[in-house]
Structure formats: C-alpha cells, structure tokens
Amino acid sequence: MVKLIRDTWQLAEPYTPEISQFFYGMLFTLAPATRDFFPINMEVQRGRLVRALVHVVQLVDRPDDLAPFLRQLGRDHRKFGVVPKHYEAVGTALLAALKRHLGDAWTPQVERAWAEAYTIIARAMQEAAAADEYPASWTGTVAEHRRLSWDLALIRVEPEHHIPYRAGQYLSVEVPQRPRLWRYLSPANAPRDDGSLEFHVRAVDGGWVSRAIVSHTQSGDVWRIGPPMGRMAVDRQTGRDVLMVAGGTGVAPLRAILDDLGRWGTNPHVTLFYGGATSDDLYDLEQLRALASTNPWLTVHPVVEHGEGLPGFEHGTLADVVTRHGAWPGHDVLVSGSPAMIRATVSRMLVAGTALDQIRYDPFTID
Ligand SMILES: Cc1cc2nc3c(=O)[nH]c(=O)nc-3n(C[C@H](O)[C@H](O)[C@H](O)COP(=O)(O)OP(=O)(O)OC[C@H]3O[C@@H](n4cnc5c(N)ncnc54)[C@H](O)[C@@H]3O)c2cc1C
Ligand code: HEM
C-alpha cells in the first residue's frame, strides 16, 4: 500500500500547486463551512494542507510512531471547528485531485491504497478528537513582549485557564495580526502555578507569522492556543543520562524540561549542546550558564559554526560537534531545532553509532 502511495506521489508532487487548487475547489463545494477554517488569502498557505496530508498518509506503515501523533493531531484539529463529515469531504477532494493529475497512473489498486491509508489515519484522528475531554482551544493574553535582538522576541502569555501541557511539548498559536494562520511554538518554561507561558520567537525570512509576532505583538493582544503536542521529555526514572542538542529557538522546549528538572534534588546528568551560526545566535546562553552554575547535574556546551577560536565555544555544526564526542552510549538524546538541523544531527548520530531508539525529536513538520 505504502509503496503504491509513494510511487504515485512522486509522479504527482511536481503538480502540488495545481493539485492543491483543485483540492480546495472541491472541498469548498462539498463542505462550504470549511472555507472559514482557512485564511482569506489562500495564496499564503498554498499547498500546506495537501502536503501535510500526503506526508502523514505516507507514514501509514509506521503505526507505532504515527499513532500518538495522530491522536494529538486529531485533538488539535478541533480548534478549526473540524467535525467528522469534513474528514469525508477532505478524503474525497484529495483522491479526486490526485486522480485528475495522475491520469493513467491512477489505477484501481492505487485508488484503493490511498483510500485505505486515508481512512485509517482519519479514523485515528477522529477517535481521539471525540474522546478528548479538554477544550478545543484556549485564549491567552500577552502580558509581555520583549525584543531580545532584531529578529528575536520573548513573549509571555497568560492563558485564561490552565493549559495541560508537559515541559518539552509544543502548541499551536493564532495571533490577532495573522488570523487563521496557526503556527507551532514551544513554551520555554515548565507549567507554572499561574499558568503563564513564555515563547521565544525568531522572525524567519519571508515568514508571515513569525515576523508579525516579533515586530507587532503588543501587551493585551489575545492569542488563541491549541492543544499540547509532542513527545520530547526526560524520564527521570530510567536513571539514564541525557544528551540535549538545541539549535536556535529549538532550545525553548529543552529549557522547559531543564526548568522542570530544576524542581528536583537529584537528576540524571544532562549535557546540552547549544548551537547557532554565530555567538550572537545563542541568545539564551547566559541564562543557561546561570542554570548550570546552580545545578551540578547540568553541563552546557556552546557551539558556533563561524567564529573559530572563541574561548569556551566548540566550533562546527551541531552534527559535527556532538558526533566528535562519540556515540553517546547509555544516554537518552533529545534533538530540537529547524527541520534541517534535526535531519543533519540525527543522521550523523546514527552513522556515529547512536541507536535510533535512543533519540527523540518532534519530526512531523512540513517546512
Ligand atoms: C514542533 C515545532 C515547534 C516550533 N517551535 C518554535 C518556537 O518555539 N519558536 C519559533 O520561533 N519557531 C518555532 N517553530 C517554527 C514556527 O512554527 C514557524 O514555522 C516559524 O515561525 C515560521 O513561520 P512563518 O509563518 O513566519 O513562516 P512561513 O510564512 O510559514 O514560511 C516562510 C518561509 O520561511 C521558511 N521557514 C519556515 N520555518 C522556518 C524556520 N524554522 N527556519 C528557517 N526558515 C523557515 C519557510 O520554508 C518559508 O520559505 C516550531 C515549529 C515546529 C514544527
Ligand atoms: C487524515 C486527515 C488529516 C490529516 C493527516 C491532516 C494533517 C494536517 C497537518 C499535519 C497540519 C499542519 C500543517 C502545518 O501547519 O504544519 C494540518 C493543518 C490543517 N488542517 Fe488538517 N489534516 C487532516 C484533515 C483535515 C480536515 C478534515 C480539515 C478540515 C477541513 C483540515 C483542516 C486543516 C487546516 C485548516 C489546517 C491549517 C493549515 C492551513 O491553513 O492550510 N484537516 N492538517
């Protein structure tokens, strides 16, 4: 089933813009209410949903990895207002769009493969959505917006009600400057008594939402926040030491985990490699060093790609530097950063001899 899906997607992928256009046309005809889930200007998101759908459908043969993610994704989709009949409409529109662009390659076997995989995935998402006892989304008010550098801001949000997240998880947010453009962000703090969340946001080139957050967020703005997602965590019971590898704002969820560990007297030893292109990118280094100075179980290694000879810094990409230290046997490994950084680090660690089941990261992103 998966081979048929992958082979046909390879043929169809160059036509993603046309497939997406047809998909949305059909979806909005079959289920007009779904138009309101998407931004007014559809150009902004282009093929986002189609690429996301195809990406997830191709993972149908990895049920162990996929099942927890699908449950979270199903709960998360409630924030749009998605109900079961919309899943049917999305499935029909996706298959019709693929059929139209695949011509003769769309055989009955291919159609069955796509339909079966979509049904399995949509069912898992809907079951989790139906079973969820929490609200579909929360609102929170921005209490602080502080520029840490020209392209980076710290935003503290006070939710109206406690959001049940674990340190290391991420959430999606919708900000008033960019309605209906939800983006994932990772709280940089463990859950607090007052429920407040701190986000570190970097403005990416050409980024619709991140630039608006960094430049235009104001105290008093009301954000919508989706359900917690993600599997990064430290299990203190295993007694295994921990290696953390953080690139840029990828440090945020790891900081939340360190914040959580800081509440306990004894912890596994944690080695954190924190990397960026230059030392200016390591905006959180001083706070991390302060944390390490009072918590002997934590060691922080700053890493820069450019700027050889900086005292106290290791030089190279995170993938280079971490694997220079060996295969990290006996460690649980958490990797967090851009998709490219995660890919490079995980693949180099596997070559260096680290076992895949030692490593955790949140891989399901389409960027
Ligand atoms: C699990 C997870 C957790 C995340 N946590 C955080 C966080 O704590 N803080 C934070 O600032 N961001 C975080 N992100 C990234 C964030 O969700 C957005 O993708 C990012 O802010 C860009 O959104 P945008 O709307 O500005 O860019 P878009 O308009 O969606 O994209 C514009 C362009 O930027 C490129 N782009 C998208 N993301 C990146 C990136 N990360 N680096 C470089 N180029 C990129 C796109 O490919 C595209 O070409 C996280 C992402 C995931 C998947
Ligand atoms: C098997 C079914 C589905 C899967 C696997 C799926 C998967 C995903 C994923 C992974 C994303 C996140 C993309 C990102 O921002 O990184 C997403 C976004 C989204 N999904 Fe779904 N989805 C499914 C069904 C649906 C349905 C039935 C609807 C209702 C119309 C829907 C509406 C949306 C919307 C509005 C977004 C926001 C992105 C955008 O604006 O295009 N999805 N989906």
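Note that ligands are numbered from 1 as they come in the structure, with each ligand's atoms numbered from 1 the same way. Since this is a predicted model, take the numbers as computed values, not measurements. What's counted below: heavy atoms across the whole structure, side chains too, no hydrogens, waters or symmetry copies.
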Q: Output the list of atoms in ligand 1 that are nearer than 4.0 Å to some heavy atom of Arg202, sorted by atom number.
A: 11 (O)
Q | Where ligand 2 meets Ile121 - atom numbers and elements under 4.0 angstrom, heavy-atom basis | A | 1 (C), 5 (C)
Q: Would you indicate which of Tyr361, Tyr184, Trp182 comes nearest to atom 16 (C) of ligand 1 when only heavy atoms are counted?
A: Tyr184
Q) Salt bridge check: are Arg360 and Asp235 linked by an N-O gap of less than 4.0 Å? A) no
Q) Against heavy atoms of Val90, which atoms of ligand 2 measure under 4.0 Å? A) 26 (C), 27 (C), 28 (C), 30 (C)
**Q.** Qualifying residue for side-chain hydrogen bond (donor to acceptor under 3.5 Å, both in side chains) with Arg348, from Thr354, Thr317, Asp320
**A.** Asp320
Q) Any side-chain donor-acceptor pair under 3.5 Å between His200 and Tyr283? A) yes
Q: For Gly206, take its heavy atoms, then give the atoms of ligand 1 lying under 4.0 Å from any of them.
A: 29 (O), 32 (C)
Q. Do His86 and Phe37 have their ring centres less than 6.0 Å from each other?
A. yes
Q) Would Arg146 and Glu198 satisfy salt bridge (charged side-chain N to carboxylate O under 4.0 Å, His left out), going step by step from the backbone distance to the final call? A) CA-CA 11 Å; Arg146 183 154 37 101; Glu198 263 178 39; 6.0 Å; no
Q: Between Lys79, Lys85, His77, flag the one that comes closest to atom 42 (N) of ligand 2 by a heavy atom.
A: His77
Q: Using a strict cut-off of 4.0 Å, indicate which atoms of ligand 2 neighbour a heavy atom of His86.
A: 27 (C)
Q: Report the part of Val204 in contact with ligand 1, treating N, CA, C, O as backbone and CB onward as side chain, heavy atoms under 4.0 Å; options are side chain, backbone, both, neither.
A: side chain
**Q.** Check: Val209 N/O within less than 3.5 Å of ligand 1 N/O
**A.** yes
Q.
Parallel, tilted or perpendicular, judged at 30° and 60°: which one describes the rings of His301 and Phe273?
A. parallel
Q. Numbering the atoms of ligand 1 from 1, which are under 4.0 Å from a heavy atom of Thr249?
A. 9 (N), 10 (C), 11 (O)
Q.
Which option wins on minimum heavy-atom distance to atom 10 (C) of ligand 1: Arg255, Arg178, His200, Arg211?
A. His200
Q: Could you say whether the N/O atoms of Arg48 and ligand 2 ever approach to under 3.5 Å?
A: yes
Q) With no hydrogens and no angle check, is any side-chain donor or acceptor of Asp259 less than 3.5 Å from a backbone partner on Asn189? A) no
Q) Just which atoms of ligand 2 are under 4.0 Å from any heavy atom in Thr34? A) 30 (C)
Q.
Around atom CG of Asn41, are there more than 12 heavy atoms from other residues, nucleotides or ligands closer than 6.0 Å?
A. yes
**Q.** Proximal ligand 1 atoms for Asp205, defined as those under 4.0 Å from one of its heavy atoms
**A.** 33 (C), 34 (O)
Q.
Yes or no: does Tyr170 have any heavy atom under 4.0 Å from an atom of ligand 1?
A. yes
Q: Please step through side-chain hydrogen bond (donor to acceptor under 3.5 Å, both in side chains) for the pair Thr8 and Trp114, ending with a clear verdict.
A: CA-CA 10 Å; Thr8 40; Trp114 278 92; 3.0 Å; yes
Q) With backbone taken as N, CA, C and O and side chain as the heavy atoms from C-beta onward, which portion of Leu181 lies under 4.0 Å from ligand 1: side chain, backbone, both, or neither? A) neither
Q) Which pairs with one or both residues in residues 117-136 pass side-chain hydrogen bond (donor to acceptor under 3.5 Å, both in side chains), sequence neighbours excluded? A) Arg78-Asp132
Q: Have a look at Pro339, Gly207, Ala256 and point out the one with the heavy atom closest to atom 27 (O) of ligand 1.
A: Gly207
Q) Do any N or O atoms from the side chain of Arg6 and from the backbone of Gln58 form a donor-acceptor pair under 3.5 angstrom? A) yes
Q: Could you say whether the N/O atoms of Ser338 and ligand 1 ever approach to under 3.5 Å?
A: no
(Q) Within the structure, is a non-hydrogen atom of Arg48 found at a distance of less than 4.0 Å from ligand 1? (A) yes
Q. Which atoms from ligand 2 have a heavy atom of Val82 less than 4.0 Å away?
A. 27 (C), 28 (C), 29 (C)
**Q.** Proximal candidate to atom 24 (C) of ligand 2 [heavy atom criterion; set Trp182, Tyr87, Tyr184]
**A.** Tyr87
(Q) Quick one about Glu160 and Trp138 (side-chain donor to acceptor, distance below 3.5 Å, no hydrogens or angles considered), yes or no? (A) no
**Q.** Selection residues 285-302 - residue pairs positive for salt bridge (charged side-chain N to carboxylate O under 4.0 Å, His left out), sequence neighbours left out
**A.** Glu286-Arg289
